[in-house]
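None of these values were measured; they are calculated from a predicted model.
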Amino acid sequence: KRQHFVHYGYIPGFGFYYFGLIHLIGGHSKAATSLLRQLVDAGTLSNLPGGLKSRGLRIKGDDTPIAPGEFRDVDIPSGAIRDNILPLPYKEPSQTLAQLMDRIVEEGRRFAAVSDLKISDMSSQAPVGTTLAVLERVLKVMTAVQARVYYAMKQEFKLLALIIRDNTPDEYSYEPEIGDRKAKKADYDDVDVIPVSDPNASTMSQKVVQYQAVLQLSQTAPQLYDLPYLHRQMIETLGVKNADRIVPLPADAKPRDPITENMDVMTGKPVKAFMYQDHEAHIAVHMAMGQDPKMAQIIGQNPMAQQITSALQAHIMEHVAFQYRREIEKQLGAALPPLPQDDREEYDLPPEFEAQLSQLTAMAAARVLQKDQAEVQMQQAQQQAQDPLVQMQMMDLQIKQLQAQTKAQQMQIEAQIQQADIQRKQQKDIMDAAAKADELELRKAEISGRQQLEAARLGVDIQKDKAALSAKQQMEGVRLGLEIGKAREDADLRRKQVETPAGE
C-alpha cells in the first residue's frame, strides 16, 4: 500500500480537508467587496446624477451628456428652469461606509495574520528583540502555512524518490567513488530529499532582524561567538556580493611564517594555525612581540588595541592547542585521527575506537601533566628565587658556599703549590742530573777529542822527533861525552884537592 497523493494544506480544519484562505476571510472579502462597490456607485451617481423634468421642457441634444464648458439651448414652456427640473437625491460616498470597509479589511488582515500590532507603529529606537517578536507575530500564520507547505513538499519528494527508485536502472552508468555500480536502488534508502530552506524565516527582513539580535547578543560576550563568520552570514543575507573579500574568515587564511602572522594581527587580517607548523617557534615569536615594551606602547596607542591583543592571544592559544595535541601524540607514540578541514564540520568517531582512544589519551595526558608539573615547579622555584628575602637567604647561602669553596680552593691551591714545588724540585734534580750527565758526556767527548787530537799530534811529533832523534842523540852524546869528560876532570880536581894537605 502506498500513498500516491500529498495534501498541501493551509490551516488544519475539523475533518480531512484543510481550511483555505477563502474559508477564513471569505466573508470579510465579500463584505469589503460589497462596500467598495457601493462606494464606487455612490461616487459615480454623485458625479453624474439623474432626475425628473417637465414634459414640455426641450433641451437640444438631450440624449448626450453636457460637456464641460458647454451651454445648450432650452425651450421652457413657462417659468424658470429650476421649476421644470427635479434632480434625484444622490449622495456622495459615505464616510461611514468607507470606515466600515477599512474596518472589515483590517479585521480580515488581523484574522489572517493573527496579530494586532503593526511594525510601522513601532519606534525606530525599539530593541531588536521586540521588533523580532512583533515581526514573528505578524508572520505567525504565514510561517505556519509555509512550514506545512514544506512538510507536504517533503512528503512529495519522498514519493518521487520512491517512484524513481522503482523505475531507475539497476546500475549506475559510471563507476562511483564509494560503493558498487549495482547499488543504485539501494542508495535511495540512505538518502532523504527534503527542502533545504528555512521555513521559519520566510522573509529577508526577518532574517536581517534575527542576525541583528544575534549581533547584539555577541556584544555582551564576544568570546563566545565567531564574529567574522556572523558578519559574513549577515552580509550574505543582505545579498551583498564578494562577502568573502569584505569579511575574510580564518578558514580562508593561508599558512604563514610567525612574523607575517604578527603583521596580519596588527593590521586586522585573520590568522590561523596549522597542524604541521613549528608551534614552539610561533609561540616564542608571538610572545616576544607581546612582551616587547616598544611594540606594546605603539599598539596601546591604537584605537583597536584591545582587538589586536585579543586576536594575538587567541592565535597563540591555537598554537598552544596544537602543541598540546603534538605532546599527546609524542606520549602515545602514534598520530591522533586527523581534524576536520573546516571548524564547522563534524568530528565523528566510531564508539569503540573513541573509547579505546580515550583510554590511551588519558594515560598520555597524565604523562604530559607530570612533565608540565615538573617544568612549572622549576619555574616556580625560579620565581621564588627572585623574592628579595629568598634572594638574601640565597645570597647568604651562596656566600657561605663561596667561602667554603674559597677555603677548599685555597687548600687545594696550597696542596697544588706544594706538589708543584716537589715536582719543581724533582724536575730541577732531574734537570741537574741531566745537565751533569750532559756535562760528563761533553767532557768525555772533549777528552776523547783531545785524546784523539793529542794522539794525532803525538803521532806527528813522534814522526818529527824520529827524524831529529838521531841528530839530537848524537849531539847529546857529544854533549854528554863533554860533560862526562868535564865531570871527570872536576872529580879528579876535587880528589886532588882532598888529597893535598892544607899547608901544601
Can you confirm whether [X] is buried at [atom1], in the sense that more than 12 heavy atoms of other residues, nucleotides or ligands lie under 6.0 Å from that atom?
{"X": "Glu280", "atom1": "CD", "value": "no"}
{"X": "Met287", "atom1": "CE", "value": "no"}
{"X": "Phe5", "atom1": "CZ", "value": "no"}
{"X": "Lys184", "atom1": "NZ", "value": "yes"}

Taking all atoms of both residues into account, what is the closest heavy-atom pair of [X] and [Y], and its distance?
{"X": "Leu39", "Y": "Ala98", "value": "CD1-CA, 3.7 Å"}
{"X": "Ser46", "Y": "Glu92", "value": "OG-CG, 3.2 Å"}
{"X": "Tyr324", "Y": "Ala365", "value": "OH-CB, 3.8 Å"}
{"X": "Gly108", "Y": "Ile25", "value": "O-CG2, 3.7 Å"}
{"X": "Ala152", "Y": "Val6", "value": "O-CG1, 3.2 Å"}
{"X": "Glu236", "Y": "Ala243", "value": "CG-CB, 3.7 Å"}

Under the ring pair (Phe, Tyr, Trp, His ring centres under 6.0 Å) test, residues paired with Phe322 that sit two or more places apart: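 For Phe322, the residues satisfying ring pair (Phe, Tyr, Trp, His ring centres under 6.0 Å) (neighbours in sequence not counted) are His279.
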
Kindly indicate, with the supporting measurements, whether the criterion side chain to side chain contact (heavy atoms under 4.5 Å, CB included) is fulfilled by Met363 and Gln331. CA-CA 9 Å; Met363 294 185 290; Gln331 296 297 330; over 6 Å; no

Reference residue Leu35; test side-chain contact (heavy atoms from CB on, under 4.5 Å); the match among Val40, Val105, Leu97: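 Exactly one option meets the side-chain contact (heavy atoms from CB on, under 4.5 Å) with Leu35, and it is Leu97.
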
Only counting residues at least two apart or in another chain, list the ones meeting side-chain contact (heavy atoms from CB on, under 4.5 Å) with [X].
{"X": "Asp292", "answer": "Lys294, Met295"}
{"X": "Thr260", "answer": "Arg256, Asp257, Asp264"}
{"X": "Ile417", "answer": "Ile413, Asp421"}
{"X": "His231", "answer": "Leu215, Leu227, Val247"}

Atom [atom1] of [X] and atom [atom2] of [Y]: how far apart are they, to the nearest 0.5 Å?
{"X": "Met275", "Y": "Gln277", "atom1": "CE", "atom2": "CD", "result": "10.5 Å"}
{"X": "Glu107", "Y": "His28", "atom1": "CD", "atom2": "NE2", "result": "6.0 Å"}
{"X": "Leu312", "Y": "Glu261", "atom1": "CG", "atom2": "CD", "result": "10.0 Å"}
{"X": "Arg103", "Y": "Thr96", "atom1": "CZ", "atom2": "OG1", "result": "13.5 Å"}
{"X": "Leu224", "Y": "Leu217", "atom1": "CG", "atom2": "CG", "result": "10.5 Å"}
{"X": "Thr237", "Y": "Tyr211", "atom1": "OG1", "atom2": "OH", "result": "4.0 Å"}

In a table with atom names and distances, give each donor-acceptor pair under 3.5 Å that connects a side chain of residues 153-165 to protein atoms at least two apart or in another chain.
{"residue": "Gln155", "atom": "NE2", "partner": "Tyr151", "partner atom": "OH", "Å": "3.4"}
{"residue": "Glu156", "atom": "OE1", "partner": "Tyr8", "partner atom": "OH", "Å": "2.4"}
{"residue": "Arg165", "atom": "NH1", "partner": "Asp189", "partner atom": "OD1", "Å": "3.0"}

According to the salt bridge (Lys or Arg N to Asp or Glu O under 4.0 Å) rule, which pairs have a member within residues 357-377, sequence neighbours left out?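 Every pair satisfying salt bridge (Lys or Arg N to Asp or Glu O under 4.0 Å) with a residue in residues 357-377: Glu327-Lys371, Lys371-Glu375.
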
For Lys330, side chain to side chain donor-acceptor pair (under 3.5 Å) partners two or more places apart: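 Lys330 satisfies side chain to side chain donor-acceptor pair (under 3.5 Å) with no other residue.
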
Donor-acceptor pairs under 3.5 angstrom involving side-chain atoms of residues 174-183: please list them, not counting sequence neighbours.
{"residue": "Arg181", "atom": "NE", "partner": "Tyr172", "partner atom": "O", "Å": "3.4"}
{"residue": "Arg181", "atom": "NH2", "partner": "Tyr172", "partner atom": "O", "Å": "3.1"}

According to side-chain hydrogen bond (donor to acceptor under 3.5 Å, both in side chains), does anything in residues 301-314 pair up with another residue at least two apart or in another chain? List the pairs.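 Not a single pair qualifies under side-chain hydrogen bond (donor to acceptor under 3.5 Å, both in side chains).
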
Side-chain atoms of residues 16-24: list all donor-acceptor pairs with protein atoms under 3.5 Å, sequence neighbours left out, distances to 0.1 Å.
{"residue": "His23", "atom": "ND1", "partner": "Gly20", "partner atom": "N", "Å": "2.9"}

According to salt bridge (Lys or Arg N to Asp or Glu O under 4.0 Å), who are the partners of Asp166, at least two apart in sequence or on a separate chain?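 With sequence neighbours excluded, Asp166 shows a salt bridge (Lys or Arg N to Asp or Glu O under 4.0 Å) to Arg2, given in chain and number order.
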
